[in-house]
Amino acid sequence: MRVKIKFFSAHRDAVGNTGMEIELGENTDISGMLDVLMGRYPELKKLADYTVLSLNHKYANGTEVLNDGDEVAVFPPVEGG
Amino acid sequence: MLTGRDMKRYSRQIAIPDFGAEGQEKLKKSKVVIAGAGGLGSAAGTYLATAGIGHIVIIDDDTVELSNLNRQTLHRDNDIYKCKAASAKEELSMINPDIEVKGIREKITEENAVKLLRGADAVVDCLDNFHTRYILNDGSITSGIPLFHGACREMGGQASVIIPGRTACLKCIFPNPPPTKRIPILGAVAGTIGTIQATEVVKFIAGMKTTLAGKLLLYDARFLAYELIELERNAQCPSCGGIE
């Protein structure tokens, strides 16, 4: 299955891209997808403690199983003011 | 009660069909606390003052530095070394002399948060660190006062409206803070996020639909990308879990 991923802020900087589509095995959950991304982009590991995810524009807790065509956003909290 | 001067001053927004004189009167009677007189607080404060929020309290314990002036539009060169709360109060009172503005030079702590928020209809999170943001979040939950969150970094930012007991709180959304460091920020980006916060406050107080309640807006100015995410409360949240 193919999943579309968008990156914001420090996560965008870590992958050097605003978005991409990746191929994943059936029944991969959103945490599994993040593991795949961390393997490809080791800089993402540094952000792991405060990485936040959404799936199809809804907040994700990490256990959601992905389906073909899903849209994921990966982002950190930002704190400046 | 709106005066003839009010009707004239605010005529262009009173003309908005679902806002009207009734919405304006609600703004006039309202009290809004702005936590932070920096980049976000400058934009939010400016538009809340121009909109006619009757009572504005702006809190900051810091002083103005030259490096603030790329984004903190309530302060000028001759305000350097001045207390930000006093400088912001002065500027907001000049922007709209028909409203009451109070500047408080105090650090927001677990001990004083609830007291500082007392009597407010809305609190605007214009802070620059998550430690104090979590304290403000808890204060807003304890007081039952809606929190209008905003934050920015480099050329992007985020905003959300938190209705205590009804929508996800800041700790539900971001259980872990990012590491604290000096963050680059483009002034116009802080202005965009602060303006979104002010707009949501005005909509909420005037009785219009608060579209960001229970949602998180992500904004990337570099690529003009947006994401609007529907949030869910975390039943196990250490700040708001179990609160109705």
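Every heavy atom of this structure was used, including side-chain atoms; hydrogens, water molecules and symmetry mates were not. Sequence lines set the chain letters: A, B, ... in the order given, protein chains first and strands last, and positions in each chain run from 1. Values in this document were obtained by computation on a predicted structure and should not be read as measured data.
Considering only heavy atoms from C-beta on, Leu216(B) stays 4.5 Å or farther from Tyr59(A) through its side chain. Phe130(B) is listed as a side-chain neighbour of Pro77(A), based on a closest heavy-atom distance under 4.5 Å. Contact check for Phe75(A) versus Phe174(B): side-chain heavy atoms found under the 4.5 Å cut-off.
Within a 6.0 Å sphere centred on CZ of Arg2(A), other residues, nucleotides and ligands contribute more than 12 heavy atoms. Lys82(B) NZ: more than 12 foreign heavy atoms inside a 6.0 Å radius. Within 6.0 Å of CD in Glu21(A) there are more than 12 heavy atoms belonging to other residues, nucleotides or ligands.
Between Glu227(B) and Lys6(A) there is a salt bridge, since at least one side-chain N of the basic residue sits less than 4.0 Å from a carboxylate O of the acidic one. Electrostatic pairing of Asp13(A) and Arg222(B) does not count as a salt bridge here, judged by no charged N lying under 4.0 Å from a carboxylate O.
Here the side chain of Asp220(B) pairs no donor or acceptor atom with the backbone of Phe8(A) at under 3.5 angstrom. Listed for the Arg133(B) side chain is a donor-acceptor partner under 3.5 Å among the backbone atoms of Glu79(A).
Contacts between Ser42(B) and chain A at a heavy-atom distance below 4.5 Å are absent for every atom of the residue. Only the backbone of Pro76(A) comes within less than 4.5 Å of a heavy atom in chain B; its side chain stays farther off. Of the atoms belonging to Leu40(B), heavy atoms from both backbone and side chain fall under 4.5 Å from chain A. With a 4.5 Å cut-off on non-hydrogen atoms, Ser9(A) touches chain B through its backbone and its side chain both. Residue contact with chain B, scored on non-hydrogen atoms closer than 4.5 Å, is absent for Ala60(A). With a threshold of 4.5 angstrom between heavy atoms, Lys181(B) approaches chain A through N, CA, C or O but not through any side-chain atom. Contacts of Pro179(B) with chain A are made by both backbone and side-chain atoms, with heavy-atom separations under 4.5 Å.
Put simply, of Ile229(B), Asn176(B), Val189(B), Ile185(B), the one with the most heavy-atom pairs under 4.5 Å next to chain A is Ile229(B). For the options Ala151(B), Pro178(B), Gly36(B), heavy-atom pairs under 4.5 Å to chain A are most numerous at Pro178(B). With respect to chain A, the highest number of heavy-atom pairs below 4.5 Å among Cys152(B), Gly150(B), Cys126(B) belongs to Cys152(B).
Considering OG of Ser54(A) and CD1 of Ile173(B), their distance stands at 12.5 Å, rounded to 0.5 Å. The distance from atom CD of Glu232(B) to atom NZ of Lys58(A), rounded to the nearest 0.5 Å, is 8.0 Å.
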